[in-house]
There are 2 protein chains.
Amino acid sequence: MPHHRANADAQLEAALDLLRANHQRVTEPRKAILGILSREHGPFTAEELHKRMKKDTCDLVTIYRSLAVMEESGAVRRCDFGDAAYRYEINTGDHHHHHIVCRSCHEAKTLDMCVADGLERMARQLGYTKVTHLLEVFGVCPQCQENANKQPRPHKN
Amino acid sequence: MPHHRANADAQLEAALDLLRANHQRVTEPRKAILGILSREHGPFTAEELHKRMKKDTCDLVTIYRSLAVMEESGAVRRCDFGDAAYRYEINTGDHHHHHIVCRSCHEAKTLDMCVADGLERMARQLGYTKVTHLLEVFGVCPQCQENANKQPRPHKN
DNA sequence: ATTAGTGCAAATCTTTTGCAGTATA
DNA sequence: TATACTGCAAAAGATTTGCACTAAT
């Protein structure tokens with residue numbers, strides 16, 4: 001996979017354009033958040049984003065507020081891994097996907113497919129509107145299994 | 001569907017037996033929680049369970065602690081509807097299922113099927129162990145759509 | 001110049017923990 | 001009676017809000 005950098009830049013620009021299109025201001029904190037989300041493999045919690053920024057980029061509160069507005073404009077997407085902390089990833093929009101999340105280190109791999117369309121259809125037939133779904137797979141990754149005997153890979157939360 | 005009551009009683013007894021089998025004590029608060037979960041259609045949050053009990057049955061804290069131990073012994077199952085509050089249902093154990101949850105009133109209908117088995121298999125092929133998944137469908141139920149013009153159906157949280 | 005965005009402090013909401021007292025097996 | 005369970009108060013962690021200040025458009 002070449003052009004990692006170029007691809008990240010393109011994602012970042014697309015996200016910033018979404019902000020502009022939605023009459024939201026392009027500020028340093030927002031550029032910082034989207035920069036991380038486009039360059040590093042997430043998704044990340046607000047806390048994790050904050051730690052990844054260089055010191056004094058912005059307050060943690062600003063990250064929460066920025067993520068909220070950026071989700072509304074479609075620049076980012078919120079993920080729920082069932083562990084009491086929301087995570088965010090950049091919204092490429094081009095395809096629907098889910099994750100395999102390690103129970104030990106919390107690292108998430110992307111699954112470029114979805115099997116829940118049938119369920120959504122069923123929900124619509126039952127008369128529901130604005131139908132969406134939540135689908136995540138959990139397990140212990142090979143890396144963590146290996147480290148299990150020794151030291152478990154550390155993770156926040 | 002006849003025998004609602006009898007069925008609820010059977011579920012309750014089965015759950016209590018699970019507690020005994022796991023050397024956990026059968027106390028009033030636990031009987032109250034399992035009673036509600038077996039008789040009423042959930043799943044419910046700790047708070048909702050507390051409100052449904054007759055006054056002074058037990059403290060909210062006890063509900064949290066009871067749910068934790070009862071989940072360990074398999075008497076109840078925890079559901080995550082992606083809204084920052086865990087919900088619990090009685091674990092009948094006989095079949096895997098998921099829910100359609102209304103975004104407005106939070107009422108959950110049970111979906112007696114699952115389409116994520118393929119994803120679990122894929123995760124195992126990737127080397128993950130202890131694989132499970134989280135799958136929920138969301139929408140606005142017909143009832144709430146109808147009430148939308150008038151008063152939205154109230155919901156906690 | 002407007003108005004959205006920000007920092008700081010404090011509030012909120014859900015869940016957890018410490019500890020001394022109570023009840024179950 | 002031994003030890004798990006409970007109540008109360010208080011802590012903890014994630015997220016939100018109030019308000020005065022700052023900066024993007």
Side-chain angles (χ1 to χ4, degrees), chain A residues 15-35 42-73 75-76 78-88 106 154-157, chain B residues 15-34 42-73 75-76 78-88 106 155-157:
Chain A
L16 293 177
D17 283 343
L18 267 172
L19 290 189
R20 293 184 190 105
N22 286 274
H23 322 98
Q24 284 164 4
R25 296 179 182 173
V26 173
T27 65
E28 287 309 316
R30 294 177 186 185
K31 281 192 278 188
I33 293 170
L34 294 173
F44 298 117
T45 63
E47 192 79 49
E48 288 166 350
L49 285 168
H50 198 216
K51 283 194 192 122
R52 266 159 232 264
M53 288 178 181
K54 67 170 82 122
K55 206 172 170 317
D56 289 323
T57 300
C58 74
D59 195 275
L60 176 60
V61 184
T62 295
I63 298 184
Y64 278 107
R65 282 195 269 228
S66 294
L67 288 172
V69 290
M70 296 196 297
E71 187 188 16
E72 263 186 276
S73 57
V76 303
R78 188 170 84 172
C79 307
D80 186 330
F81 290 173
D83 71 335
Y86 292 123
R87 285 172 173 73
Y88 292 83
H106 284 192
H155 69 271
K156 44 278 141 188
N157 267 54
Chain B
L16 294 178
D17 283 342
L18 267 172
L19 291 189
R20 293 186 191 103
N22 285 273
H23 322 97
Q24 285 163 5
R25 294 180 182 174
V26 174
T27 65
E28 287 310 318
R30 294 177 186 186
K31 279 192 278 188
I33 293 170
L34 293 173
F44 299 116
T45 63
E47 191 80 48
E48 288 166 350
L49 286 169
H50 197 216
K51 284 194 192 122
R52 265 158 232 265
M53 286 176 182
K54 67 170 81 121
K55 206 171 169 318
D56 290 323
T57 302
C58 75
D59 195 274
L60 176 59
V61 185
T62 295
I63 298 185
Y64 277 108
R65 282 194 270 228
S66 294
L67 288 172
V69 289
M70 295 196 298
E71 188 189 14
E72 263 184 277
S73 58
V76 303
R78 189 170 84 172
C79 307
D80 184 332
F81 289 173
D83 71 335
Y86 292 122
R87 285 173 172 72
Y88 291 82
H106 284 194
H155 69 270
K156 43 281 142 185
N157 266 52

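In what follows, every chain begins at residue 1, and chains take the letters A, B, ... in the order their sequences are listed.
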**OP:** For DNA chain D, determine which residues of residues 16-24 of chain A have any heavy atom closer than 4.0 angstrom to one of its atoms, and list them numerically.
**Re:** none

**OP:** Take the protein atom CG of B:Leu67 and the nucleotide atom P of C:dT14, then report the distance between them rounded to whole Å.
**Re:** 15 Å

Original post:
To 10°, what angle do the rotation axes through the five end pairs on each side of the helix from C:dA1-D:dT25 to C:dA25-D:dT1 form?
Top reply: 40°

Subject >> Nucleotide nearest B:Val61 when distance is taken to its side chain, options C:dT6, D:dC8, D:dT17 >> reply: D:dC8

Original post:
Any donor-acceptor pair under 3.5 Å linking the side chain of B:Tyr88 with the backbone of B:Ala68?
Top reply: no

Subject >> Euclidean distance, B:Ile63 CD1 relative to B:His50 NE2, rounded to 0.5 Å >> reply: 5.0 Å

Original post:
Of A:Thr57 and B:Glu47, whose closest DNA chain C nucleotide lies nearer the 5' terminus?
Top reply: A:Thr57

Subject >> Nearest-0.5 Å distance, CG of residue B:Asp80 to OH of residue B:Tyr86 >> reply: 5.5 Å

Original post:
Atom CD1 of B:Ile33 and atom P of D:dT6: how far apart are they, to the nearest Å?
Top reply: 8 Å

Original post:
Do B:Arg87 side-chain atoms and B:Ala85 backbone N/O form a donor-acceptor pair below 3.5 Å?
Top reply: yes

**OP:** Check the distance between D:dG13's C1' and B:Tyr86's OH and give it to me in whole angstrom.
**Re:** 12 Å

Original post:
Between A:Asp59 and A:Val61, is there a donor-acceptor pair closer than 3.5 Å when you use the side chain of the first and the backbone of the second?
Top reply: yes

**OP:** To the nearest 0.5 angstrom, please state how far the CD atom of A:Gln24 sits from the OG atom of A:Ser66.
**Re:** 9.5 Å

Original post:
Is a donor on one side and an acceptor on the other found under 3.5 Å between the side chain of A:Thr57 and the backbone of A:Met53?
Top reply: no

Give me, pair by pair, the N or O atoms of the protein and of nucleotides 19-24 of chain D that are less than 3.5 Å apart, along with how far apart they are.
{"residue": "D:dA24", "atom": "N3", "partner": "A:Arg25", "partner atom": "NH1", "Å": "3.3"}

Original post:
Just how far, in rounded Å, is P of C:dT14 from CZ of B:Phe44?
Top reply: 16 Å

Original post:
What distance separates B:Ile33 CD1 from B:Leu67 CG, expressed to the nearest 0.5 Å?
Top reply: 5.0 Å

Subject >> Side-chain N,O (A:Tyr64) to OP1/OP2 (D:dT15) below 4.0 Å >> reply: yes

Original post:
Nearest-Å distance, CG (A:Leu34) to C1' (C:dG5)?
Top reply: 15 Å

**OP:** Look at the side chain of A:Arg30 and the backbone N and O of A:Arg25, then say whether any donor-acceptor pair between them is shorter than 3.5 Å.
**Re:** yes

Subject >> Between D:dA14 (C1') and A:Asp80 (CG): distance, integer Å >> reply: 13 Å

Original post:
Within the distance-only criterion (no hydrogens, no angle test), does the side chain of A:Glu48 pair as donor or acceptor with the backbone N or O of A:Thr45 below 3.5 angstrom?
Top reply: yes

**OP:** Could you tell me whether B:Lys31 and B:Glu28 have a side-chain N and a carboxylate O separated by less than 4.0 Å?
**Re:** yes

Original post:
Is the phosphate of C:dT15, meaning OP1 or OP2, less than 4.0 Å from a side-chain N or O of B:Thr45?
Top reply: no

Original post:
Are B:Met70 and B:Leu34 close enough that some pair of their side-chain heavy atoms sits under 4.5 Å apart?
Top reply: yes

Original post:
Could you state the CZ-P distance from A:Arg78 to D:dA14, rounded to the nearest angstrom?
Top reply: 15 Å

Original post:
Atom CG of B:Leu60 to atom C1' of D:dA9: distance rounded to whole Å?
Top reply: 14 Å

